[in-house]
Amino acid sequence: MHTIITRLCAAVLMLAGVFATVTPASAVVELDITQGNVQPLPIAIADFQSGDGFGKKISDVVSADLKRSGLFAPIDPAAFIQKGLGPDASPSFQDWTVINAQALVVGRVSPEADGRLRVEFRLWDTFAGQQLDGQQFYTNPDNWRRVGHIIADAIYERITGEKGYFDSRVVFVAESGDKANRVKRLAIMDQDGANVRYLTDGRDLVLTPRFSPNRQEITYMSFGNGEPRVYLLQLETGQREIVGNFPGMTFSPRFSPDGQRVIMSLQQNGNANIYAMDLRSRATTRLTSTNAIDTSPSYSPDGTRIVFESDRGGRQQLYTMGADGSNQQRISFGDGTYSTPVWSPRGDLIAFTKQTGGQFQIGVMRPDGSGERILTSGFHNEGPTWAPNGRVLMYFGDQKGAGGPKLHSIDLTGYNDQVVPTPGYASDPAWSPLLD
């Protein structure tokens with residue numbers, strides 16, 4: 001059967017060097033993307049039926065999420081022939097295929113007696129004339145935007161076979177004021193830039209926030225009274241605690257995949273080495289011991305290995321080692337310097353910042369250092385972070401003369417680089433796991 005899944009392989013994934021497999025029983029598309037152009041899939045997203053305005057707002061979130069992914073092209077509703085379609089009736093499929101809508105999303109929002117909203121949607125393959133998905137959700141009206149993200153995730157997964165990433169958040173450093181007097185506050189927002197909330201007041205400099213993989217908690221570095229400290233912050237309660245007071249400078253704290261440890265770089269006597277701290281016992285284990293600067297550690301998703309940067313060879317390069325510090329090996333060998341490595345949640349790639357030829361580049365390589373590929377290059381691009389599905393990156397870029405950094409998202413094709421809206425300048429993004 002010529003389904004939407006096989007058309008997605010043919011029309012959306014026309015990439016040079018792409019390996020794509022279709023498994024008919026589960027309709028899964030598995031991608032090992034290298035490079036190429038993407039032709040997004042035309043999809044019609046009708047305004048969800050409702051009597052209170054929530055319907056259109058939710059369907060607009062769904063449409064915006066799918067469009068930003070670069071894999072979908074929502075069709076202008078002015079082109080729709082069939083109007084007012086809800087989830088109870090089958091579409092007139094010819095009315096949708098004639099405008100080249102290869103998929104159709106319809107829905108409805110209804111108030112419940114207890115004040116909640118019931119949100120329903122259906123996803124149709126218009127050419128095959130069959131329903132691909134249909135679900136309903138109950139939510140507090142304040143959470144209408146999140147329901148839109150959840151529906152977009154369901155559509156993304158059903159059509160591509162990959163987990164979505166829209167129902168997630170990003171913590172970042174919000175920057176404001178003159179360059180010489182820049183105020184930096186910790187902030188959090190939805191992955192699309194909505195619902196910005198500030199977590200610190202700007203009195204202390206904050207750097208490198210990172211999410212816990214299994215709790216609504218972040219770790220970050222702060223300079224209070226000139227003292228560098230690593231903190232844990234509970235996002236829901238606002239409770240903050242110091243991980244530890246360490247002599248010298250502390251850099252780049254990051255959680256282990258089980259959330260039980262924090263790994264970081266501690267500077268002493270001009271050198272910096274990598275340490276892991278057990279958050280229950282507060283016992284600290286030293287993992288590297290060199291007369292160099294070892295920093296920016298990041299665990300593999302199974303917790304058995306660590307990637308980090310080091311100038312032990314004369315300039316910054318990427319290295320891997322076991323979680324206990326054993327078997328330290330260099331993996332980057334290209335021109336220039338490498339920094340800020342971060343392991344993909346899928347385990348298949350490591351993202352990094354590379355500086356060469358007067359440009360800052362965001363790239364990826366396999367964990368053994370092979371397959372290096374640059375996704376974007378600019379005046380100052382830095383600090384990649386992975387979406388929870390391991391197919392999209394966010395980073396911050398400061399273009400020459402722009403006055404300050406902005407957040408960008410880019411997928412693994414390198415052809416969908418977009419600015420993520422923030423109230424002001426922004427840097428040091430860290431993507432959360434999917435929300436519960």
Side-chain angles (χ1 to χ4, degrees), residues 68 170-187 189 191 193 196 202 205-210 220-221 223 249 251-254 265 272 293 295-298 307-311 314-318 332 334-344 349-365 372-387 392-431:
R68 274 196 323 278
V170 174
V171 64
F172 65 102
V173 175
E175 302 187 15
S176 59
D178 296 334
K179 204 161 190 176
N181 250 332
R182 192 63 52 89
V183 175
K184 295 189 176 186
R185 291 182 289 173
L186 210 57
M189 65 183 181
Q191 53 77 30
V196 174
L205 176 66
V206 291
L207 297 170
T208 60
R210 301 291 181 258
Y220 67 98
M221 191 175 76
F223 286 85
M249 295 289 289
F251 300 99
S252 306
R254 192 184 290 270
S265 178
I293 296 177
T295 189
S296 298
S298 172
V307 63
F308 63 101
E309 67 176 86
S310 175
D311 66 356
R315 56 191 174 97
Q316 290 168 287
Q317 297 290 335
L318 303 187
S332 64
D335 295 334
T337 60
Y338 294 76
S339 60
T340 66
V342 57
W343 219 302
S344 164
L349 294 169
I350 291 169
F352 56 85
T353 301
K354 182 178 182 179
Q355 187 177 3
T356 183
Q359 294 284 296
F360 283 80
Q361 303 172 332
I362 303 297
V364 294
M365 65 173 64
E372 179 179 327
R373 186 160 46 87
I374 301 303
L375 303 181
T376 185
S377 182
F379 175 69
H380 186 187
N381 296 330
E382 195 173 354
T385 180
W386 290 96
V392 179
L393 288 162
M394 193 174 291
Y395 67 95
F396 67 99
D398 190 352
Q399 302 310 311
K400 192 171 185 178
K406 292 285 189 181
L407 303 187
H408 293 248
S409 65
I410 190 167
D411 63 29
L412 289 183
T413 66
Y415 282 86
N416 189 32
D417 194 335
Q418 302 184 47
V419 174
V420 180
T422 55
Y425 300 130
S427 60
D428 269 349
W431 218 314

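We count residues from 1, following the sequence as given.
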- Query: Quick one: ring pair (Phe, Tyr, Trp, His ring centres under 6.0 Å) partners of Phe396, sequence neighbours excluded?
  - Reply: none
- Item | Ser176 backbone acceptor or donor facing Arg185 side chain under 3.5 Å | no
- Query: Taking only residues two or more places apart in sequence or in another chain, which ones pass side-chain hydrogen bond (donor to acceptor under 3.5 Å, both in side chains) with Arg68?
  - Reply: Asp65, Gln191
- Message: Between Thr353 and Gly383 (side chain of the first, backbone of the second, donor and acceptor by atom type, cut-off under 3.5 Å), is there such a pair?
- Response: yes
- Note on the structure: What one should report as the nearest heavy-atom pair of Leu412 and Leu375 is O-CD2, 3.7 Å
- Query: Going from OG on Ser409 to CH2 on Trp431, what distance comes out if it is rounded to the nearest 0.5 angstrom?
  - Reply: 6.0 Å
- Which residues pass the side-chain hydrogen bond (donor to acceptor under 3.5 Å, both in side chains) test with Gln316, sequence neighbours left out? Glu309
- To the nearest 0.5 Å, how far apart are OH in Tyr220 and OG1 in Thr208? 10.5 Å
- Message: A side-chain contact here means heavy atoms from C-beta on lying under 4.5 Å apart; do Val364 and Leu393 qualify?
- Response: yes
- Item | Set of side-chain hydrogen bond (donor to acceptor under 3.5 Å, both in side chains) partners for Ser377, sequence neighbours left out | Gln359
- Determine which pairs satisfy salt bridge (charged side-chain N to carboxylate O under 4.0 Å, His left out) with at least one residue from residues 350-365, sequence neighbours left out, and list them in order. Lys354-Glu372
- Message: Holding to side chain to side chain contact (heavy atoms under 4.5 Å, CB included), I want the full list of residues that pass it with Pro423, two or more places apart in sequence or in another chain.
- Response: Val196, Tyr198
- Message: Working note: Ile374 + Phe352, criterion side-chain contact (heavy atoms from CB on, under 4.5 Å); need CA distance, chi angles, decisive distance, verdict.
- Response: CA-CA 9 Å; Ile374 301 303; Phe352 56 85; 4.2 Å; yes
- Item | Asp411 side-chain N/O to Val392 backbone N/O, donor-acceptor pair under 3.5 Å | no
- Taken in chain and number order and not counting sequence neighbours, the residues that satisfy side chain to side chain contact (heavy atoms under 4.5 Å, CB included) with Glu175 are Val173, Arg182, Lys184, Pro405, Tyr425, Ser427
- Message: Quick check: closest heavy atoms across Pro253 and Arg210, and the distance to 0.1 Å?
- Response: O-CG, 3.2 Å
- Can you name the residues that form a ring pair (Phe, Tyr, Trp, His ring centres under 6.0 Å) with Phe172, not counting sequence neighbours? none
- Would Asn381 and Gln355 count as a side-chain contact (heavy atoms from CB on, under 4.5 Å) if you check the C-alpha gap in whole Å, the side-chain angles of each, and the deciding distance to 0.1 Å? CA-CA 9 Å; Asn381 296 330; Gln355 187 177 3; over 6 Å; no
- Message: Within the structure provided, determine whether Val342 and Thr385 are in side-chain contact (heavy-atom separation under 4.5 Å).
- Response: no
- Message: I need the minimum non-hydrogen distance between Asp398 and Phe379, along with the two atoms involved.
- Response: O-CD2, 3.1 Å
- Item | Ser298 side, atom OG; Ile350 side, atom CD1 - distance, nearest 0.5 Å | 7.5 Å
- Query: Does the side chain of Trp386 come within less than 4.5 Å of Leu349's, by heavy atoms?
  - Reply: yes
- For Trp343, check side-chain hydrogen bond (donor to acceptor under 3.5 Å, both in side chains) against everything at least two apart and list the hits. none
- Message: The criterion is side chain to side chain contact (heavy atoms under 4.5 Å, CB included); which residues satisfy it with Asp417, sequence neighbours excluded?
- Response: Thr376, Tyr395, His408, Ile410
- With Val307 as reference, evaluate Pro297, Pro341, Ser332 under the side chain to side chain contact (heavy atoms under 4.5 Å, CB included) test and give the passing residue. Pro341
- Task: Locate the shortest heavy-atom distance separating Thr295 from Phe308; write the atom from each residue and the value.
- Result: O-CB, 3.5 Å
- Message: So, using salt bridge (charged side-chain N to carboxylate O under 4.0 Å, His left out) as the criterion, who are the partners of Lys406 when residues are at least two apart?
- Response: none
